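Just below is one structure, and these are the notes that go with it.
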Amino acid sequence: MNIEEKQIEIIEEFSAFDDWMDKYEYLIDLGKELPAIAPELKTEENLIEGCQSKVWVDAELKDGKVYFTADSDAIITKGIISLLIKVLSSQPPKDIYEADLFFVKQIGLDQHLSPTRSNGLLSMIKQMKMYALAYQTKMNG
Amino acid sequence: MIQNIKKIREDFPILSQTAYGKPLVYFDNAATTQKPSTVLDIMDEYYKNYNGNIHRGVHFMSDKATAGFEKARKTVQKFINASSDREIIFTSGTTGSINLVASSFGEKFVGEGDEIIVSEMEHHSNIVPWQLLCERKKAVLKVIPFNLKGELEYDKIPSLISEKTKLISVTHISNALGTVNDIRQIIGLAHKNNIPVLIDGAQAIQHLKVDVQELDCDFYAFSGHKIYGPTGTGVLYGKESWLEKMPPYQGGGEMIRKVSFKKTTFNDLPFKFEAGTPNYIGAIGMGAAIEYVQNLGIENIAEAENELLNYGTKKLSEFEEIVFYGTAEKKASVISFLFNNLNPYDVGTILDKLGIAVRTGTHCTEPLMEKFNITGTVRASFAFYNTKEEIDKLIEGLVKVKKLFG
């Protein structure tokens with residue numbers, strides 16, 4: 001599946017939830033299931049500083065595709081990361097870099113997270129795209 | 001005693017709304033308090049009928065606004081029992097007040113090698129202005145530590161004081177822990193050594209009786225929005241003897257007597273420190289907020305909030321999964337805690353969806369968090385308009401959090 005198809009899949013999953021508690025329950029489950037990042041990857045370099053929770057993102061390139069791993073000290077944040085990984089991981093760097101992540105708005109994550117928190121979400125996306133851009137440049141070089 | 005809580009809550013229209021379809025439970029009063037109708041109405045009235053720039057106008061509306069602004073100054077003066085309204089300077093808030101002193105007092109009285117003392121539990125607003133001053137003047141910032149209950153270590157203060165100490169600036173009540181500091185002891189000790197003291201009253205002015213003459217503090221800073229007034233308002237109380245000696249802070253209109261390109265002379269107190277058009281309608285709103293508090297009685301407010309603090313602490317203690325931060329003997333109605341080994345963000349996000357507003361994070365006190373070796377807490381802070389039933393909802397919310405996160 002490409003990035004667009006994966007986003008549509010997530011939007012369909014979320015459309016089954018009637019209220020906010022159900023959505024968060026799902027995010028919490030995803031957060032708990034997200035495999036922990038290797039301790040040696042929890043470096044300052046991989047850390048995205050946010051006021052509310054810490055997030056680490058790492059990426060590697062295999063056979064022309066980018067694979068993300070990430071972690072956070074907050075479970076809901078891990079749930080959100082899990083969605084981002086689902087959408088962006090194992091895709092070509094160019095697709096990741098150019099991706100329009102419409103699912104964030106569609107499942108209501110943008111309007112229901114306060115500015116500092118949604119900045120956290122935005123910086124996660126920005127960081128993932130930066131990795132993709134770096135690998136893209138490397139592949140072209 | 002506060003008799004009719006239902007009627008009091010009606011004075012605060014915002015409290016009757018819902019959040020995500022649930023009745024709002026507002027427990028973020030240490031961040032900002034809600035405004036009674038009297039405050040909203042008077043500001044509305046002034047903007048609709050009497051908005052004229054103050055002091056210099058010859059017209060009707062300017063006169064009305066000036067009278068309202070200066071009446072608010074008198075209200076503040078009486079409320080904190082300052083000896084003169086020349087000692088009441090309107091600012092943008094506690095941060096503005098502290099920056100004024102750091103800049104103006106610091107300019108005149110602090111030099112290379114001099115020392116300023118703060119405490120380890122200060123809000124960033126009572127740390128960073130002094131750090132900037134110390135950087136400018138090559139001065140040194142010293143820190144009073146606190147113990148794990150969240151009480152200042154008063155016995156360490158004498159050894160921090162030296163001939164080089166120019167000012168001690170400490171908080172009256174900790175915003176993150178709720179500790180009520182024994183500022184009388186600090187002021188007494190400082191004055192024995194001829195050192196002036198600034199008290200950060202941002203978290204105290206709304207909870208307990210403040211009498212600046214009885215305290216004998218040299219400066220007292222607080223914000224309007226934490227005492228049921230509008231945002232962007234605040235007060236710096238300063239003893240006249242200090243304010244007279246301090247140079248102006250910002251230059252502009254109102255603060256001058258006469259301007260020429262050769263020499264400008266400055267206005268008298270308090271106007272010397274109020275450059276530019278002040279937030280006069282805000283100050284009038286703050287005056288109305290203080291009058292509301294006076295009508296209710298600050299002692300009655302303290303009593304009601306203390307009851308909420310005791311009830312909340314008792315109910316929360318029933319959870320095995322809770323760790324409290326700030327267990328001082330004397331506390332204001334602030335409860336800081338971690339729950340179920342969860343990141344505060346997780347707890348706060350779920351409580352929010354249940355209509356319960358708490359604060360999560362470092363509460364602008366990173367050095368304090370570092371001391372406890374944590375990255376933040378969940379903080380519930382109560383005002384007199386909160387109820388025990390609301391605390392019960394917080395407890396139910398936490399039961400739900402526990403169930404969700406397992």
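All of these numbers come straight from a predicted model, not from anything done at the bench. In what follows, chains carry the letters A, B, and so on, assigned in the order in which the sequence lines appear, proteins first and then strands, with residues in each chain numbered from 1.
Counting non-hydrogen atoms of other residues, nucleotides and ligands closer than 6.0 Å to CD of A:Glu40 gives a total above 12. For CD of A:Glu45, the number of neighbouring non-hydrogen atoms (other residues, nucleotides, ligands) closer than 6.0 Å is 12 at most. Shown here is A:Glu13, whose CD atom has more than 12 heavy atoms of other residues, nucleotides or ligands within 6.0 Å. Within a 6.0 Å sphere centred on CG of B:Asn341, heavy atoms belonging to other residues, nucleotides or ligands number 12 at most. The local environment of NZ in A:Lys126 is sparse, with at most 12 non-hydrogen atoms from other residues, nucleotides or ligands closer than 6.0 Å. Heavy atoms of other residues, nucleotides or ligands lying less than 6.0 angstrom from CD of B:Glu321 number more than 12. Atom CE of A:Met139 is surrounded by more than 12 heavy atoms from other residues, nucleotides or ligands within 6.0 Å.
Of residues 91-98 of chain B, no residue lies under 4.5 Å from chain A by any heavy-atom pair. At a heavy-atom cut-off of under 4.5 Å, chain B is reached by A:Asp73, A:Ala74, A:Ile75, A:Ile76, A:Thr77 from residues 57-79 of chain A, listed in order of number. Scanning residues 396-406 of chain B against chain A with a 4.5 Å non-hydrogen threshold yields B:Lys400, B:Leu404, B:Phe405, B:Gly406, sorted by number.
No side-chain heavy atom of B:Asp346 sits under 4.5 Å from any side-chain heavy atom of A:Ile28. Counting heavy atoms from C-beta outward, B:Lys353 and A:Asp19 have side chains that stay 4.5 Å or more apart.
If you take CG on B:Leu354 and OH on A:Tyr24, they are separated by 11.5 Å, rounding to the nearest 0.5 Å.
Applying the side chain to side chain donor-acceptor pair (under 3.5 Å) definition to pairs two or more places apart or across chains, those involving residues 90-104 of chain A are A:Lys94-A:Glu98.
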